[in-house]
Amino acid sequence: YAFFPGKPRWPAGTRTLTYAFDPNENLDDATKQVFANAFNQWSKVTTITFTETTSYRSADIKIGFYSGDHGDGEPFDGVLGTLAHAFSPTDGRFHLDKSEDWVVNGDVRESSLSNAIDLESVAVHEIGHVLGLGHSSVEEAIMYPTISSRTRKVELEEDDIKGIQELYGSNPNFNGTTTATTSRDRDSSYGGRR
Amino acid sequence: RLFPNPSEIPTWMTNHAPPGAWDGYRNFTGCTRGKTYDGLSKLKNYFQHFGYIPNAPPLNFTDDFDDALESAVRAYQKNFNLNITGELDDATINYIVKPRCGVADIINGTTSMNSGKFNDTNLHTVAH
């Protein structure tokens with residue numbers, strides 16, 4: 001696991017972070033639930049919990065789908081390429097590329113669309129950045145920088161858990177076990193040395 | 001586009017999937033240091049964006065496969081657990097074109113991924 005330079009984190013004593021969706025998006029409940037599930041992956045193992053708020057301006061974490069240049073100096077590039085980005089604590093911005101074919105629910109591996117990207121998988125990764133984790137070289141970790149299309153990877157790996165617990169401590173209810181589930185399709189390049 | 005589930009994806013789309021943003025980088029497979037390749041500057045922009053080339057030139061990147069690009073490729077290969085060759089081989093290009101997070105792997109010249117970690121081969125020990 002890795003941290004951003006200077007190891008930024010949310011202030012000591014933070015127990016709850018609020019999140020809100022860009023009101024211009026009008027996301028449906030199913031999509032919002034995907035983000036709730038993604039936040040829950042991190043809550044299960046550490047001391048921070050997350051609650052949705054309707055007040056976008058005052059939310060700690062601001063989520064939105066944008067295309068191309070959207071004003072933060074990090075323009076999106078269309079289909080595939082860069083899928084999303086998020087900023088280190090305590091910025092809270094969490095942006096996703098509107099051009100992607102996001103699959104909200106169901107088994108993304110079954111998608112007939114070769115560009116289909118599992119929304120929850122990407123959301124779990126970006127929340128790691130929002131909390132202060134950088135990229136990891138552990139291929140099984142959520143914080144590994146790449147994810148192939150038609151792939152689902154939402155369970156935190158030991159590397160992710162150690163990283164987030166170093167920043168915020170452990171959820172007292174966390175029993176120390178987690179199951180990593182990764183499915184891969186399309187890509188035949190996983191032959192790299194681990 | 002948000003699809004509630006994979007079955008909601010219209011069949012007409014499945015036959016018209018647009019190319020990925022970085023698919024064109026596959027043309028650089030096999031490129032070697034010391035030569036010039038049309039459009040290689042775009043790949044340098046990629047490496048600069050993700051922190052592997054620390055400083056952009058005052059104007060634009062050239063299309064030369066230079067030392068900076070080779071060094072970037074080596075660091076990338078180390079971070080992604082690939083064979084460290086400094087070459088744009090098949091395996092490396094296959095990783096480069098994968099969809100990914102836009103956050104840089106190397107920020108302000110530092111990374112905690114593999115390329116920033118202690119190198120075992122340089123380990124020196126002193127017996128007590």
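Note on naming: letters A, B, ... go to the chains in the order of the sequence lines (proteins, then strands), and numbering restarts at 1 for each one.
- Residues of residues 10-22 of chain A lying within less than 4.5 angstrom of chain B, judged on heavy atoms, are absent.
- Heavy atoms closer than 4.5 Å to chain B are found in the backbone of A/E100, but not in its side chain.
- The CD1 atom of B/I84 sits 10.0 Å away from the OG1 atom of B/T92 when rounded to the nearest 0.5 Å.
- Here A/I164 contributes atom CD1 and A/L131 contributes atom CG; the two are 4.5 Å apart, rounded to the nearest 0.5 Å.
- Judged by the 6.0 Å distance and 45° axis criteria, B/R100 is positioned over the aromatic ring of B/F50.
- Of the two parts of A/S99, only the backbone, made up of N, CA, C and O, holds a non-hydrogen atom closer than 4.5 Å to a non-hydrogen atom of chain B.
- Note on A/G106, A/G81, A/G134: by heavy-atom pairs under 4.5 Å with chain B, the leading option is A/G81.
- Between B/F47 and B/Y76, the ring center distance clears the sub-6.0 Å criterion.
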### Message
Could you walk me through whether A/N171 and A/T46 satisfy the side-chain hydrogen bond (donor to acceptor under 3.5 Å, both in side chains) test, starting with their C-alpha distance in whole Å, then the side-chain angles of each, then the deciding distance to 0.1 Å, before giving a yes or no?
### Response
CA-CA 4 Å; A/N171 182 333; A/T46 193; over 6 Å; no
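- With respect to chain A, the highest number of heavy-atom pairs below 4.5 Å among B/L2, B/V97, B/V103 belongs to B/V103.
- Counting heavy-atom pairs under 4.5 Å between each of A/V103, A/L83, A/D101, A/D77 and chain B puts A/D101 at the top.
- With a 4.5 angstrom heavy-atom cutoff, B/Y46 does not touch chain A via any of its atoms.
- Using a 4.5 Å cut-off between heavy atoms, A/F76 does not touch chain B at all.
- Note on ring orientation: taking the six-membered ring where Trp is involved, the planes of A/F4 and A/H129 are tilted (angle from 30° to 60°).
- Proximity to chain B is absent for every atom of A/A30, based on heavy atoms less than 4.5 angstrom apart.
- A cation-pi geometry, defined here as NZ or CZ lying under 6.0 Å from the six-membered ring centre and within 45° of its normal, holds between A/R93 and A/F87.
- Taking the ring centre of A/F35 as origin, the terminal cationic atom of A/K32 falls outside the region bounded by 6.0 Å and 45° from the ring axis.
- Taking 4.5 Å as the limit, some side-chain heavy atom of B/L40 sits within range of a side-chain heavy atom of B/F28.
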